[in-house]
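Taking it in order: structure first as structure tokens, then the write-up.
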Protein chains: 2
Amino acid sequence: MDLKDRIIETSLTLFEQHGFHGVTVNQIVSESGTSKGGFYHHFQSKDELLFVIHDYFISYVLTKAKETIETNDHPTEKMQKIIKSFVKVFDIYKPHISVFYQESIYLKPQYVDAIKEKRQSYKAVLFDVIREGIEKREFRSELPVEITVMSILGMVNWSYKWYKKDGEKTIEEIADIYVDLILHSLLTEQTKKDARFKEYFLENHLTASKK
Amino acid sequence: MDLKDRIIETSLTLFEQHGFHGVTVNQIVSESGTSKGGFYHHFQSKDELLFVIHDYFISYVLTKAKETIETNDHPTEKMQKIIKSFVKVFDIYKPHISVFYQESIYLKPQYVDAIKEKRQSYKAVLFDVIREGIEKREFRSELPVEITVMSILGMVNWSYKWYKKDGEKTIEEIADIYVDLILHSLLTEQTKKDARFKEYFLENHLTASKK
DNA sequence: CTTGACAGACCAACCAGTCGGTCTCAGTGC
DNA sequence: GCACTGAGACCGACTGGTTGGTCTGTCAAG
């Protein structure tokens with residue numbers, strides 16, 4: 001791991017704990033075992049560092065989501081895969097995500113456009129899946145697409161506020177719960193009975209408690 | 001409106017736009033038409049101002065939620081009322097909420113405990129409703145209480161990132177959609193058929209599009 | 001000898017907070 | 001009715017510490 005990465009990793013941890021403005025360049029520098037010179041050799045400014053962190057994460061997530069929808073799956077399957085893959089990102093990128101949602105307000109104007117665009121693309125992916133789901137009668141037709149997308153995003157994204165790696169539930173379990181909740185909201189009664197999607201519901205899991 | 005309130009209102013707007021550290025006391029002072037002296041006459045420090053904003057909002061929401069559950073309603077009704085009342089808070093207190101979730105990381109240690117306690121109480125209210133719902137067989141028994149609470153909180157709280165007062169949908173409409181989504185995730189098939197709860201679902205609203 | 005990676009002393013700007021001062025007004029004594 | 005006093009509300013020039021960023025070097029590799 002070279003110096004640049006070490007600086008990023010250190011900053012991530014520090015930013016997550018104390019916020020962008022709660023951390024000085026001197027702290028970053030000393031915790032990553034380098035110097036002002038080392039830092040400014042790799043980054044034009046503290047603001048550029050913030051941008052690099054943002055871009056790194058959003059690019060990764062966006063690529064993953066696009067991969068998922070370029071299949072011939074049913075919308076229900078797509079939704080399940082998107083959610084699972086996104087939730088799993090928390091295990092690796094939680095600090096990135098925290099910084100992404102917590103500190104984006106401090107991104108300098110010159111950087112915001114690049115990030116905004118990718119953010120929009122990510123939302124668009126979800127939009128398309130839901131629209132497709134409604135068209136194909138798998139999802140309830142009375143759902144307003146925009147609000148539904150924002151609800152799903154909110155539910156999943158909020159995890160950054162409380163998810164702990166060594167918590168009671170594994171990331172896989174949490175992802176399964178989200179899938180269950182979301183699909184229960186989205187699917188029509190008809191689709192819920194479809195045997196192909198049975199495995200997505202908690203009540204049919206082997207671990208579920210049955211009376 | 002006296003000076004103290006004017007300072008709070010101005011700060012709220014500024015903090016929401018630029019973040020706590022993106023706003024200087026001088027800015028606050030000049031935008032609220034006062035002076036350094038005026039500011040420090042009412043607040044011990046910039047940090048205290050942040051605390052006052054936090055406390056004001058969380059106290060309000062907590063009181064509202066406690067009022068709601070001190071009824072003899074069914075859990076389903078309670079859940080619906082809590083969600084509706086909380087979502088409606090966005091219309092009045094959106095800046096408070098934004099600052100609450102965005103800047104709490106910068107609260108000084110001396111203030112965090114007071115806020116944390118009220119935050120926990122709020123979660124506890126939701127916990128209780130869900131537990132009661134499961135006990136009374138209105139909510140699905142396979143739901144893990146903690147994650148479900150966090151999902152609901154996430155879904156609703158996330159609104160602060162995108163809700164605009166003059167947006168396409170009114171706050172009432174958004175609240176109704178949340179209620180529909182959440183109840184579809186929570187309720188048992190049996191309970192969904194209960195005529196008393198019919199009005200909570202979008203498909204039974206007068207405005208819903210029917211083929 | 002050149003170039004890229006890194007070191008660290010130094011600087012200028014900024015910003016939260018201070019402090020002596022002014023203005024207004026209610027209360028008090030005569 | 002008037003002069004005096006003191007307290008609370010508010011003013012704004014000033015300061016001292018902090019912080020992002022610079023600049024001159026050093027050194028190892030090629």
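So that the names make sense, note that chain A is the first sequence line, chain B the second, and so on, each numbered from 1. Bear in mind the structure is a predicted one, so any value in this text is a computation, not a measurement. The analysis underlying the following values was restricted to heavy atoms, covering all of them including side chains, and did not include hydrogens, waters or symmetry mates.
- For B:H41, no side-chain nitrogen or oxygen approaches OP1 or OP2 of D:dC10 to under 4.0 Å.
- Taking only side-chain atoms of A:D47, from C-beta outward, the nucleotide of C:dA7, D:dG21, D:dG8 with the closest atom is D:dG21.
- The CD-P distance, from A:Q44 to D:dG21, rounds to 10 Å in whole Å.
- Residue B:T24 has no polar side-chain atom (N or O) positioned under 4.0 Å from OP1 or OP2 of C:dC14.
- Across D:dG20, C:dA16, C:dC6, the shortest atom-to-atom separation from the side chain of A:H42 is found for C:dC6.
- Residue B:V23 is classed as a sugar-phosphate contact, given heavy-atom separations below 4.0 Å to backbone atoms only.
- Between the CZ atom of B:F39 and the P atom of C:dC15 there is a distance of 14 Å, given to the nearest Å.
- When rounded to the nearest whole Å, the span between CG of B:D5 and P of D:dA9 equals 14 Å.
- Side-chain atoms of B:L3 lie closest to D:dC10 of the nucleotides D:dC10, D:dT19, D:dG21.
- When the nucleotides C:dA16, D:dC10, C:dA7 are ranked by their closest atom to the side chain of A:S35, C:dA7 comes out on top.
- Relative to the side chain of B:Y40, the nucleotides C:dC15, C:dT18, C:dA5 differ in distance, and C:dT18 lies closest.
- Across A:F100, A:Y56, A:Y160, a single residue satisfies side chain to side chain contact (heavy atoms under 4.5 Å, CB included) together with A:Y93, and that is A:Y56.
- Rounded to whole Å, atom P of D:dT19 lies 15 Å from atom OH of A:Y106.
- Between the NE2 atom of A:H21 and the P atom of C:dC14 there is a distance of 14 Å, given to the nearest Å.
- Using cut-offs of 30° and 60° on the angle between ring planes, the pair B:F51 and B:Y111 is parallel.
- Ring-plane geometry between A:W158 and B:Y101 is classed as perpendicular, the angle between the planes exceeding 60 degrees on a 0 to 90 degree scale with a lower cut at 30.
- What separates CG of B:L49 from C1' of C:dG17 is a distance of 14 Å, to the nearest Å.
- The distance from atom CG of B:L14 to atom C1' of C:dC15 is 16 Å, rounded to the nearest whole Å.
- Counting to the nearest Å, the P atom of D:dT19 and the CD1 atom of A:I28 are 12 Å from each other.
- In this pair, A:Y122 and A:F86 present their aromatic rings tilted. The plane angle is within the 30 to 60° band.
- A donor N or O paired with an acceptor N or O is found under 3.5 Å between the base of C:dG17 and the side-chain atoms of B:K36.
- Panel note: side chain B:E138, backbone B:T76; a donor-acceptor pair is recorded below 3.5 Å.
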